[in-house]
Amino acid sequence: MIIIPVYNQVILPDSNIFLPLDRMRSASSSSPSANEKVMFLFQKRQEQRFTEDSFYPIGVVGFVAQTAIQNMVVVHTVQRVNVENVTVRADHSLSVNVFRRPDIEDIGANEEKAHLEDAKQSLRRILASYPWGNQVIPLLNQVSSLSEIICMVSLWINITPEEKYLLAAEDSRKARTEKIEKVLFEYLELAKVTSEAQSAQNEEYKNAYRESAIRKQMEYLQKELDEMHPENVSDLRRLELKVQECHMNADARKEADKVLSRLKQDGKNSPEYGMLYDYLDFITNLQWEHSEPQRIDLEEAEQVLEEDHFGLEQVKKRIIQQIAVMNLKKTQSGSILLFVGAPGTGKTSIGQSIARATHRKYVRVSLGGSRDEADIRGHRRTYIGAMPGRIMDGIAKSGVSNPVMVLDEVDKLSVSLNGDPSSALLEVLDPEQNSTFTDHYMNVPYDLSDVLFICTANTTDTIPQPLLDRMEVIRFNGYTIAEKFEIAKRHLLPKAMEKTGISREHLEVSDEAIRTAISDYTMEGGVRGLKKVMETLCRSAAVEIAKNPDVCVKVDEHTLRDYLEGRPIHHERISEPGRAGIVTGLAWTPVGGEILFIETMFTKGNGKITVTGQLGDVMKESAQIAISIVRSLYPEKAELFEKNDLHIHVPSGAVKKDGPSAGITLVTAIASLVTQKPVRPTLAMTGEISLRSLVMPIGGLPEKLMAAERAGVKTVLIPYENEEDLRDVPEEIKGKLEIIPVRDVAQVLKIAGIE
Ligand code: ADP
């Protein structure tokens, strides 16, 4: 038996195969003789040296029908066989065992004949358009099967070597006939296109096959072109390569393949082309592969945090703990931290430092003002102008699957008709769910479990409880004046100088000038305003330096004003002597603490109570309680309340919810008014009050105490139960204030000098 390996050729049973005599000779030691058995083996790859694995498991056997007509041998194929035990002998010749592989006879002879006649007719028409065609047409008349036709044109049809083998591997005769017909039609159409021959035959198939044929040809040519000029690879081809190479998960791959084939099918003129293209571009640019958790050097991380930010000891400690846990658990994420504090306290920028300390990419996603679920989760692709949500957009921007992602302003999400962004965010932050987070735009899951999420907020009051429960709150209490001084000197001024291109020898800012800038030009818990002040200063200095490059600009507290815009801020500072009915209170606002003066006054009337200022209903309730307490304390003054109207004014500023924390301030103010005993203005107080005259705890103590110290308060009364919170108050502030925890109204009034 002569074994003939074939590659990229269709061999089917029941066909006459023309083979060059040379090829037969190279496969056999002697010249082929008539009726000698021939075995065709399909090669998997194009190779000269064979191994046991070089061949597909199905082959075709036949016999030599004619020897040497014009140096060709005709082999007539008979039967498909299973090939087993392929052995390559030492002289490289092959031996195999073969077993008959029967066809599934599921097509009638007439049907087969009809298909054959169709194909012959088409072929004749094409051949007729070639000058040499007439010589070949008679050959066609001898052809007795569809298989034979395809074997004849085998070398020219544009399907892959594997697809050619698969024709022979098909057991069902019907399926095989259909496949052959399809390939043949494509071939014929291609031939038609190339020779520009027009045919109206088979309208039904015509267009589809014609298009597919052109496309295949284009693809083929494109591939060749790509190989010749890798730099000019077409967009679509580039996308196709990216889809293959970007290691996306199975769902995503399926979707990408679907979209890719739509793109190819519809072509550039389709209205959806742009949208589909953008989609593929987006998902192929994502990083789909997981990166292994890296061990993070704790000492180095500590150093990075120290370098970037002054102070914030508690915060840094907590971050280092988190990194240590990540190291031990060998994970890339951990508990979700929520940084809460006034603007400019370094929440966002410390997120950046964490990324630097852990050698990871940093992305910031701003959620402020987000009212739509689609902001988080994206729009469905059917929506015009659909876009991915901000989370996936952030991931795409980072170019990695494990960035440090800072979600800014999670307290500023609001619910609208378009859904609730906070519930979508819940899913993002839930370790149970976020490994299969599905953005509507992408429509396939993406694993967010390696992302280290950090959220920031000014207050926890407006964050929905379920979301808050997912996160671990870390408070940024704002900076003392001394801390601000260090921050300005070590970080803000040098950065501002760098930004404006000023070198050290050109600008000297005295310490006193920095202190004045802090006290007279800023009023804030953080350092955002201070940063701007430093930048303004540098810009002004830059003008002088640009005019005279040899100058060294010296700024001290007296000349500071010349370099800054606007006038110094007027601070609510305590200067006046006390007046009966006016008491200093402390309030908390999302941008830091503030002091406020509660003013009360009697006017002639009949017992009406007026509360003005912004605090609204909550304050009215507190005022009612305060009045009841004062009336019960001073029954002899009842007439005062009956014959007068009481006016209470609380300046705006504090947030509505903060109303109750002015409870004891209100009581003291009214008691002072009633007794006409002034309270010293350097005494400030904060505390909610109960009807039984007990002082109840309040929030935001560190910010309030800082504001008190800033404003020149000397003594502060705080609720007894808040004493623990003093832990979070900087020593420097505690050193400057006399802080007295109080339990009830009697104690408050005593300290205030009203009894
Ligand atoms: P937030 O996010 O809390 O509003 P940012 O992180 O945007 O505040 O900080 C505002 C600016 O102040 C940044 O330029 C930051 O580098 C700087 N900054 C804040 N806190 C510190 C600090 N402790 N040390 C050095 N710079 C700081």
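In each ligand, atom 1 is the first atom listed, and ligand 1 is the first ligand listed.
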Seminar exercise, completed: Nearest non-hydrogen contact to atom 6 (O) of ligand 1 from the set Ala488, Gly341, Ser349 belongs to Ser349

Exercise. Looking only at heavy atoms of Tyr479, does any of them come nearer than 4.0 Å to an atom of ligand 1?
Worked result: yes

Exercise. How long is the span from the CD atom in Gln303 to the CD atom in Glu299, to the nearest 0.5 Å?
Worked result: 8.5 Å

Problem set entry | Per-atom contacts, ligand 1 versus Lys531 - under 4.0 Å to a heavy atom | 11 (C), 14 (O)

Exercise. For ligand 1, is there an N or O atom under 3.5 Å from any N or O atom of His491?
Worked result: no

Exercise. Nearest to atom 24 (N) of ligand 1, what protein heavy atom do you find, and at what distance?
Worked result: Phe310 N, 2.9 Å

Seminar exercise, completed: Near Pro343 (heavy-atom distance under 4.0 Å), the atoms of ligand 1 are 4 (O)

For this session: Validate the cation-pi geometry between Arg490 and Phe310: distance from NZ or CZ to the six-membered ring centre under 6.0 Å, angle to the ring axis within 45°.
Result: no

For this session: Just do the salt bridge (charged side-chain N to carboxylate O under 4.0 Å, His left out) check on Glu544 and Lys547 with the steps written out, would you?
Result: CA-CA 5 Å; Glu544 276 184 40; Lys547 281 185 190 155; over 6 Å; no

Problem set entry | For atom 26 (N) of ligand 1, closest protein heavy-atom neighbour | Ile487 CG2, 3.7 Å

Exercise. Can you tell me if CD on Glu505 sees more than 12 non-hydrogen neighbours from other groups inside 6.0 Å?
Worked result: yes

Exercise. Would Lys495 count as a contact of ligand 1 if the rule is a heavy atom under 4.0 Å away?
Worked result: yes

Exercise. Centre of Tyr362's six-membered ring, under 6.0 Å away, within 45 degrees of the axis: is that where NZ or CZ of Arg356 sits?
Worked result: no

Exercise. For Gly311, is the nearest heavy atom under 4.0 Å from an atom of ligand 1?
Worked result: no

Exercise. Charged N to carboxylate O below 4.0 Å: is that the case for Lys714 and Glu738?
Worked result: no

For this session: Assess the pair Phe476 and Phe339: is the distance between their ring centroids shorter than 6.0 Å?
Result: yes

Problem set entry | Closest protein heavy atom (residue, atom, distance) for atom 3 (O) of ligand 1 | Lys347 NZ, 2.7 Å

Exercise. Does Val527 approach ligand 1 within less than 4.0 angstrom via side chain, backbone, both or neither, non-hydrogen atoms only?
Worked result: side chain

For this session: Test salt bridge (charged side-chain N to carboxylate O under 4.0 Å, His left out) on Asp393 and Lys397 and set out the steps.
Result: CA-CA 6 Å; Asp393 193 46; Lys397 281 202 187 107; 3.0 Å; yes

Seminar exercise, completed: In this structure, atom 10 (C) of ligand 1 is nearest to the protein heavy atom Gly344 CA, 4.0 Å

Seminar exercise, completed: Any heavy atom of Thr348 under 4.0 Å from ligand 1? The part involved is both

Exercise. Does Leu530 have a non-hydrogen atom less than 4.0 Å from ligand 1?
Worked result: no

Seminar exercise, completed: At under 4.0 Å between heavy atoms, what of His309 touches ligand 1? The answer is both

Exercise. Are the charged groups of Asp439 and Arg377 less than 4.0 angstrom apart, N to O?
Worked result: no

Problem set entry | Ion pair check, Lys499 and Glu535, cut-off under 4.0 Å | yes

Problem set entry | Proximity of Leu312 to ligand 1 by residue part, where a heavy atom lies under 4.0 Å | side chain

For this session: Please indicate whether Lys329 has more than 12 foreign heavy atoms, meaning atoms of other residues, nucleotides or ligands, lying under 6.0 Å from its NZ.
Result: no

Problem set entry | Selected option - heavy-atom contact closest to atom 7 (O) of ligand 1, from Arg528, Glu486, Gln352 | Arg528

